[in-house]
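For reference, the structure discussed in these notes is given below.
Residue numbering restarts at 1 for every chain, and letters A, B, ... go by the order of the sequence lines.
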Amino acid sequence: MKSQGLSKKERIKSKKEFQRVYSEGNTLFSPRNSIKAIYLIVDDKSNPGIRVAFAVHKKAGKAVWRNRMKRLLRETYRLNKNLVLPKVVDSGKRLFLVFSPNSLNEKDNKKIHLNEVMPEVLSILNKLAAQF
RNA sequence: AAGUCAAGUUGGGCAAUUGCUACAAAAGGUUAGUAUUCUUGAGUAGAGGAAAGUCCGAACUCCAGAGAACGCGGUGCCGGGUAACACCCGGGGACCGGUGACGCAAGUUACCGGUUACGGAAAGUGCCACAGAAAAUGAACCGCCCCGGUUUUCGGGGUAAGGGUGAAAAGGCAGGGUAAGAGCCUACCGCUUCUAUAGUAAUGUAGGAGGUCCUUUUAAUAAGGAGUAUUCGACAUGAGAAUAUCAGGGCAAACCACACCGGGAGCAAGGUCAAGCAGGAGGAUUACCGGCAUGUGCCGGUUCAAAAUUGUUCGUUUUGUAUGCCUCCGGGUAGACCGCUUAAGUCUUUCAGUAAUGAAAGAUUGAGAUAAAUAAUUGCCGUCCCGUUUUCGGGAUACAGAAUUCGGCUUAUAGACUUGGCAAUCAG
RNA sequence: GGCGCAUUCGUCUAGCGGUUUAGGACACCGCCCUCUCAAGGCGGAGAUCACGGGUUCGAAUCCCGUAUGCGCUA
């Protein structure tokens, strides 16, 4: 597996998995409340790993802005997933993870850049890594 | 060269690294195997003019349906284009603007440009607040005129020229006429209609006809009759009947009548395969003997199978479950696949047409995702702004993201380019 | 993705094209009542009828477009 890739198999795809994460998972917020992450840890020794998704609610902005937000979140996770992934695999568990913008929206932040999103996501990943 | 208006085109470029989606050469694992399946993956391709709003029109799919009508909805100057349209093109009318000419002026006319939901108000129904005498069965408040009483004033009648109200007041204006007035009469304009002509048509242009005549009444616009026109009737003619013979204000984005169009729902349409759960059918559940009982099971013995004990065998002990097991069936959930991108396609040339558009020939294949790819970072260049003014630094670079597919409309949009009109300024 | 509906004082709503720059209830403000509060009574303020065009003499109402909100649909 490539160290910086992010293929379809590492994504949450089905509606059932999403519903399980939203109903049973816990929520983490970034330092400036701009990003939130909902996560769920399950024992799965046969197939450990991380499954991730990026969701932006419709009131945050128009389609162009929502697409850009998801791409930035995905890019940040892709570059930094090795902070968490080896620990999760070693402990024999499976981690479901959904990233969403919390206070960010198109009205206040029309032109958003990667260096505004990166530190927020990094702090969330560090908090998660401390749990293994 | 700058300004403004209109029409059209375009919608930043190049490179590096790391990634994503689709197709996929090839390599490796699995295997009897170039089935299958898993891993890696060179290379190629990867948002728009509006992809948007979902406002119209279609293709396609399912449902309903002999056909037609009613109902409901839509469209509405004329002609053409189109698969179709509420779209497009051309023409006409109306309204608005600009320029020129004529004119003292109001205005008229020619050219250019723009806007236009622009059929019917004489089939019928309805509405027109307030004000005003009266808002439609054709009207008398003030005023004007006549008559009677009476001379402060009142009553009866005539009159739509003037005043006043209103968004809108009963064709306009001039002359004649009159007691005063009035299409009451006449000219011009308007309106209706006929003919000719241009045109496929809407419509334009030219010409004609239409505001009757007689009687009663002081006088008539009132009443009656005649003539004329149309329709019915009759048909060899004619008699006869009805309607009309210059208003009948506006509203149909009020109901409506007329002409034409439309069956309904929508790719989350619909189809194929199909775990699990539930349902139906069938089968197996060792064999034999004895007893009870006979729906079907239970008990005991021998045998059989599995497990435990033991190094192994014998032996011994336990178990042999029926709400469970196996096979098949139809419908079908999760899920997967098809629909899904070669089509009213795109580009070029020629021809036909004022144009929209059509025809022919040649070339070409340019996204196909599904919690949903088309990205991130950096460098250089282009455009714009600010500071500094060789240079350089900083910032900005619109509107906006495919979701079955097309044709339109509407809305959003920084900048750049092309063509034409207008105005008449600056420089040479 | 597709289909449908709505928008009127701070909130919930009524409203024949005209006497309506819009009525009512709750909430708000002032006064009365009460020892005080509540309840009750009287009075007041508060709406560019979501926005932009059009039809009409006249539009919250009819028509068209835009914006926002909501519902249905596997």
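Between the R68(A) side chain and the I112(A) main chain, a donor and an acceptor come within less than 3.5 Å of each other. For the pair S100(A) (side chain) and K36(A) (backbone), a donor-acceptor distance under 3.5 Å is absent. Under the 3.5 Å distance criterion, the side-chain polar atoms of S103(A) are matched with a main-chain donor or acceptor of N33(A).
The partner of G315(B) is U309(B), judged by Watson-Crick or G-U wobble contacts that both fall below 3.5 Å. When both pairing distances are held under 3.5 Å, G415(B) makes a Watson-Crick or G-U pair with U10(B). Taking a pair to require two hydrogen-bonding distances under 3.5 Å in either a Watson-Crick or a G-U wobble arrangement, A278(B) remains unpaired. Both distances falling under 3.5 Å, in either a Watson-Crick or a G-U wobble arrangement, place G43(B) opposite C23(B). Pairing for A343(B) is absent, judged as Watson-Crick or G-U wobble with the two contacts each under 3.5 Å. A 3.5 Å limit on both hydrogen-bonding distances identifies no Watson-Crick or G-U partner for G132(B).
By the neighbour-count criterion of 12 heavy atoms within 6.0 Å, atom NZ of K87(A) is sparsely surrounded, having that number or fewer from other residues, nucleotides or ligands.
Toward the 5' end of RNA chain B, the nearer of the two residues K16(A) and L114(A), judged by each one's closest nucleotide, is K16(A). Ranked by how close their nearest RNA chain B nucleotide is to the 5' end, I112(A) and A63(A) are led by I112(A).
No side-chain heavy atom of F18(A) sits less than 4.5 Å from a side-chain heavy atom of F96(A). Residues V42(A) and K93(A) fail the side-chain proximity criterion, which asks for heavy atoms closer than 4.5 Å. When side chains are defined from C-beta on, I124(A) counts as touching I35(A), because their heavy atoms get closer than 4.5 Å. For the pair R11(A) and R51(A), the minimum side-chain heavy-atom distance is 4.5 Å or more. In this structure the side chain of V88(A) never reaches within 4.5 angstrom of the side chain of I41(A), judged on heavy atoms.
Between the CG atom of L85(A) and the CD1 atom of I50(A) there is a distance of 4.5 Å, given to the nearest 0.5 Å.
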For a salt bridge (charged side-chain N to carboxylate O under 4.0 Å, His left out) check, start with the C-alpha distance between R78(A) and E75(A), then their side-chain angles and the critical distance, and finish with the verdict. CA-CA 5 Å; R78(A) 180 178 74 78; E75(A) 187 73 6; 2.6 Å; yes
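Residue R66(A) is classed as having no contact, given no heavy-atom separation below 4.0 Å to the nucleic acid.
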Nucleotide N/O to protein N/O under 3.5 Å, stretch nucleotides 70-72 of chain C:
none

Can you tabulate the close N/O pairs, meaning under 3.5 Å, that link protein atoms to atoms of nucleotides 371-373 of chain B?
{"residue": "A371(B)", "atom": "O2'", "partner": "I12(A)", "partner atom": "O", "Å": "2.9"}
{"residue": "A372(B)", "atom": "OP1", "partner": "R11(A)", "partner atom": "NH2", "Å": "3.3"}
{"residue": "A372(B)", "atom": "OP2", "partner": "R11(A)", "partner atom": "NH2", "Å": "2.7"}

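Rounding to whole angstrom units, CZ of residue R78(A) and P of A376(B) are separated by 11 Å. Atom CG of L72(A) and atom C1' of C20(B) are 14 Å apart (whole Å). For the pair K62(A) NZ and A50(B) P, the computed distance is 18 Å after rounding to whole Å. Rounded to an integer number of Å, the gap from N82(A) CG to U18(B) P is 16 Å. Atoms CG (N115(A)) and P (U377(B)) sit 8 Å apart, rounded to a whole Å. Atom OH in Y77(A) sits roughly 21 Å away from atom P in U18(B) (whole-Å rounding). Look at NE2 on H113(A): it is 15 Å from C1' on A375(B), rounded to the nearest Å. Atom P of nucleotide C399(B) and atom CZ of R68(A) are separated by 13 Å, given to the nearest angstrom.
Nucleotides U30(B) and C38(B) have their C1' atoms positioned 8 Å apart, rounded to a whole Å. When the P atom is compared between U109(B) and C5(B), the two are found 32 Å apart, to the nearest whole Å.
Its glycosidic angle being within 90° of 0, G49(B) falls on the syn side. Applying the 90° criterion around 0 to the glycosidic angle, A47(B) comes out syn.
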